[in-house]
Protein chains: 2
Amino acid sequence: MTGSVTLHDVARRAGVSLATASRALNGSPNRVVREELRERVLRAAAELRYAPNAHAQAMARGRTNIVGLSLHDIADPYFSAVAAGVMREAEAHGLLVTMASTERRPGAETDYVGAFRRHWASVVIVVGSRTDDRAATDQLAEELAAFEAEGGRAVAVSQPRLPVDTISIDNHGGARDLGDALYDLGHRRFAVLAGPTDLLTATERVGGFREALALRGAQLAPEHIVSGPFTRDGGYEAMRRLLDRRPDVTCVFAVNDVMAVGAMAALRDAGVDLPAGMAVAGFDDIATLRDVSPGLTTVRIPLEEIGALAVRLALDDDVERPRLRRVGGEVVVRASTPAVAG
Amino acid sequence: MTGSVTLHDVARRAGVSLATASRALNGSPNRVVREELRERVLRAAAELRYAPNAHAQAMARGRTNIVGLSLHDIADPYFSAVAAGVMREAEAHGLLVTMASTERRPGAETDYVGAFRRHWASVVIVVGSRTDDRAATDQLAEELAAFEAEGGRAVAVSQPRLPVDTISIDNHGGARDLGDALYDLGHRRFAVLAGPTDLLTATERVGGFREALALRGAQLAPEHIVSGPFTRDGGYEAMRRLLDRRPDVTCVFAVNDVMAVGAMAALRDAGVDLPAGMAVAGFDDIATLRDVSPGLTTVRIPLEEIGALAVRLALDDDVERPRLRRVGGEVVVRASTPAVAG
DNA sequence: CCTCCTTGGGAAAGCGCTTACCGGGAACCG
DNA sequence: CGGTTCCCGGTAAGCGCTTTCCCAAGGAGG
């Protein structure tokens with residue numbers, strides 16, 4: 001950028017040296033600037049609309065106020081909720097958030113963490129969950145370790161096996177509780193729209209649900225488990241494939257709300273009456289979807305709070321690290337899963 | 001950050017000077033580095049896991065690859081869709097997005113643009129629309145002008161009166177078309193949930209809708225226009241207040257989808273049958289809400305495309321500026337607005 | 001064999017800031 | 001009244017990189 005006003009200009013206009021100008025503007029520790037000079041400097045800065053160069057400050061100070069945030073897709077309400085929490089908390093601490101969307105491209109997290117390293121981010125938050133690609137996870141772990149070795153602080157959300165502070169959503173427990181609740185409503189024959197098989201978030205939810213059913217002796221046949229992307233269309237397609245198998249079930253658990261809504265659309269298109277013809281449950285309790293009709297039974301996850309927690313974890317300097325925080329969910333029963341006769 | 005590997009380390013390990021190391025890594029223009037040295041440098045860099053310091057590069061080069069994005073609330077699907085477009089396009093150009101959420105706090109945009117200026121962002125995108133606070137707008141205009149004077153490029157979305165490239169959504173025309181479509185379905189007596197009165201996006205939509213009705217001679221009494229925040233709860237509350245007035249209307253236009261969904265919830269809670277008891281229309285065609293039931297009639301706005309366009313506008317160097325791009329919407333009629341007998 | 005050009009590496013000057021460190025003057029003490 | 005402290009402003013050394021400028025070496029041409 002050309003022509004920007006520098007501290008040099010301010011100092012000259014105020015008739016003081018660079019050092020004094022800097023001290024006047026930053027109020028340097030145990031160092032006083034005479035009130036008169038201070039005011040002269042502040043006035044000059046205001047008159048010139050001086051804006052300190054963040055890069056120069058970063059170089060001189062050796063640190064920044066940047067939070068790097070990597071997530072799968074900001075348009076997905078799950079991630080945008082977490083991002084909102086991160087941004088709210090970051091703002092409260094005077095931090096600026098630099099965000100990168102991996103679009104689920106393998107290895108993208110690692111690239112972005114690298115970018116954040118180059119920018120000397122003081123905090124990096126990685127939100128995601130891929131379980132299959134071991135090599136990619138190892139690379140990410142290595143990059144994060146390098147980042148922390150340089151003095152940065154990293155937090156992973158829903159991404160285990162990383163050598164940093166981790167926030168883990170209790171997908172297993174939430175799905176188990178949901179399974180129990182659905183059983184208690186009288187359902188016995190279930191199907192699951194299982195999401196992507198390589199996403200831990202998805203497989204944990206399937207696992208918890210299966211466990212609940214197994215304990216109660218309810219049915220969940222392998223052919224009643226259909227996988228598919230974590231999207232609306234993924235839910236729609238998975239539901240279609242399930243319907244093709246003419247399953248003898250009364251209740252479908254889609255492992256996230258977005259898929260559940262797609263599934264409901266597929267059911268409607270197939271002429272199934274909702275909720276009477278089929279009970280549908282989701283997971284996450286996405287705010288935007290709280291008013292779908294019939295109201296979607298789901299597991300509420302405090303997504304914004306998780307984002308905020310990630311920032312707080314990164315900022316407090318606890319001695320023993322890495323730490324693991326588990327965040328639980330709460331079953332919310334709505335109209336989409338009516339009680340049925342046992 | 002301490003302990004990070006610097007170019008100096010790489011140069012020493014490769015047995016060359018800083019200059020050569022830099023040239024080898026960047027492939028400087030009209031300047032050749034002998035292949036053998038080049039390889040030595042690259043190998044050394046890889047072995048040391050060298051990551052160039054972005055701030056040092058910014059200082060030396062006088063520019064950055066940062067896009068600053070300011071919006072109202074990333075958790076709102078309208079803004080997260082635009083943000084997704086910005087990020088996708090930015091990524092394609094090797095840019096990093098730094099994002100700030102104003103939470104609708106007055107003057108926050110100006111603060112954030114200031115922060116982006118300090119970071120020498122090469123592009124700043126402001127998404128928003130506040131019409132009342134003239135002083136705040138002027139300050140923002142001044143800040144953006146200063147930013148562009150320093151060589152940056154700014155783009156405003158839905159925010160007129162700013163001395164920079166602007167993308168304007170045709171709210172008026174979209175709402176007009178929607179009004180026409182609803183009229184053609186047989187509706188004659190309308191109400192509007194008008195959104196915040198200080199948001200241009202909202203008032204333009206009301207204006208366009210009113211114009212369509214006026215032209216056709218349909219009714220839109222002032223007491224049938226209720227304002228409220230652009231949120232789900234805003235829609236719910238506005239609808240409640242409207243119902244208290246026992247309006248004699250067959251169709252409600254909520255000026256965005258999120259409000260429309262809240263309104264539908266309020267109608268259901270009031271025992272109104274949907275869509276038979278009341279037609280409801282929205283605006284935006286939020287992707288996440290495309291499967292609400294009954295399907296919401298709305299005006300589709302290409303939000304992601306608008307985000308991407310903002311980046312492209314900022315990057316191409318057209319001579320004549322500032323430019324104005326108008327983006328239109330398209331009416332999508334779904335089940336929430338059934339035809340009625342004239 | 002000498003001069004002129006080309007090739008390509010290195011030294012060093014910044015980019016804009018922070019922060020030791022230095023030093024002059026005033027205040028205070030014996 | 002000289003010496004010791006403070007107090008507070010200035011000088012300058014970096015932070016890690018890019019890039020201009022200089023210069024040595026080798027090849028071509030006379």
Side-chain angles (χ1 to χ4, degrees), chain A residues 1-41 44-45 48-66 117-122 150-151, chain B residues 1-41 44-45 48-66 117-122 150-151:
Chain A
M1 305 293 161
T2 331
S4 44
V5 179
T6 74
L7 187 59
H8 186 81
D9 303 322
V10 174
R12 202 178 28 184
R13 179 167 188 126
V16 301
S17 75
L18 257 79
T20 305
S22 173
R23 289 196 272 250
L25 292 171
N26 298 319
S28 65
N30 52 27
R31 202 67 169 63
V32 190
V33 175
R34 217 186 332 145
E35 187 56 25
E36 175 209 344
L37 288 191
R38 221 180 89 80
E39 277 177 15
R40 280 225 310 265
V41 171
L48 295 172
R49 314 198 90 250
Y50 168 67
N53 179 324
H55 301 292
Q57 288 186 319
M59 297 267 359
R61 301 212 247 241
R63 60 196 167 70
T64 69
N65 58 346
I66 294 175
R117 267 183 78 196
R118 290 200 293 280
H119 283 264
W120 278 5
S122 51
E150 289 167 10
Chain B
M1 303 291 161
T2 331
S4 46
V5 179
T6 74
L7 186 59
H8 185 81
D9 302 323
V10 174
R12 201 177 30 181
R13 180 169 187 121
V16 300
S17 74
L18 259 78
T20 304
S22 173
R23 289 197 270 251
L25 291 171
N26 297 317
S28 65
N30 53 26
R31 203 68 170 64
V32 190
V33 176
R34 218 186 330 144
E35 188 55 25
E36 175 210 343
L37 289 191
R38 222 180 87 79
E39 277 178 14
R40 278 221 315 261
V41 171
L48 296 172
R49 313 199 90 250
Y50 168 68
N53 179 325
H55 301 292
Q57 289 186 319
M59 297 266 2
R61 301 213 248 241
R63 61 195 167 70
T64 69
N65 59 346
I66 295 176
R117 266 183 78 196
R118 290 201 293 282
H119 283 265
W120 279 5
S122 51
E150 288 167 11

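Note that these values count all heavy atoms, side chains included, but never hydrogens, waters or copies made by symmetry. In what follows, chains are A, B, ... by sequence order, proteins preceding strands, each numbered from 1.
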Quick one: which of dG16(C), dG9(C), dT18(C) gets closest to the side chain of Met59(B)? dG16(C)
May I ask you to verify if any side-chain N or O of Arg34(A) is less than 4.0 angstrom from the OP1 or OP2 atom of dG9(D)? yes
Counting heavy atoms from C-beta on, name the nucleotide in dG9(D), dC17(D), dC17(C) closest to the side chain of Val33(A). dG9(D)
Heavy-atom check, side chain of Glu150(A) versus side chain of Ser4(B), under 4.5 Å: yes
Quickly work out the Leu37(A) CG to dG10(D) P distance and round it to whole Å. 7 Å
Looking for any heavy atom pair under 4.0 Å, which part of the strands does Ser22(A) touch: base, sugar-phosphate only, or nothing? base
Between atom CZ of Arg117(B) and atom CG of Asn53(A), what is the distance when rounded to the nearest 0.5 Å? 11.0 Å
Between Thr6(A) and dG16(C), does any side-chain N or O lie under 4.0 Å from OP1 or OP2? no
Which label fits His55(A) and His55(B): parallel for a plane angle under 30°, tilted from 30 to 60°, or perpendicular past 60°? tilted
Selection from dG8(C), dC17(D), dG9(C) that lies nearest to any side-chain heavy atom of Val32(B): dG8(C)
Distance, rounded to the nearest Å, where Arg23(A) contributes CZ and dT19(C) contributes P: 10 Å
Any side-chain heavy atom of Val33(B) sitting closer than 4.5 Å to one from Val41(B)? no
Send over the distance from Arg12(B) CZ to dG16(D) C1', rounded to a whole Å. 14 Å
Can you check the His8(B) NE2 to dG14(D) P distance for me, whole Å? 13 Å
Listed nucleotide nearest any side-chain atom of Val16(A), set dT18(D), dG10(D), dG9(C): dG10(D)
State whether Gln57(A) places a side-chain N or O below 4.0 Å from either non-bridging phosphate oxygen (OP1 or OP2) of dG16(C). no
Nearest of dG10(C), dG10(D), dG14(C) to any side-chain atom of Ala60(B)? dG14(C)
Do side-chain atoms of Thr64(A) reach the backbone of Trp120(A) as a donor and acceptor pair under 3.5 angstrom? yes
Counting side-chain heavy atoms from CB outward, which of dC17(C), dG10(C), dG9(D) is closest to Leu18(A)? dC17(C)
Taking atom P of dC8(D) as reference, at what distance in whole Å does atom CD of Glu36(A) sit? 12 Å
Rounding to an integer number of Å, can you tell me how far Trp120(B) CH2 sits from dT18(D) P? 14 Å
What's the closest nucleotide to the side chain of Ala19(A) if the choices are dT18(D), dG10(D), dG16(D)? dG10(D)
Which nucleotide in the list dC17(C), dT18(C), dG16(D) gets nearest to the side chain of Asn53(B)? dG16(D)
Quick one: does Arg118(B)'s side chain have a donor or acceptor within less than 3.5 Å of a partner on Ala54(A)'s backbone? no
Expressed in angstrom and rounded to an integer, what is the separation of Asn26(A) atom CG from dA20(C) atom C1'? 16 Å
For Arg63(A) and dC17(C), give me the distance from atom CZ to atom P, rounded to whole Å. 16 Å
Can you tell which of dG10(C), dG16(D), dG10(D) lies closest to the side chain of Thr20(B)? dG10(C)
Just compare dC17(D), dC17(C), dG10(D) and give me whichever is closest to any side-chain atom of Ala56(A). dC17(C)
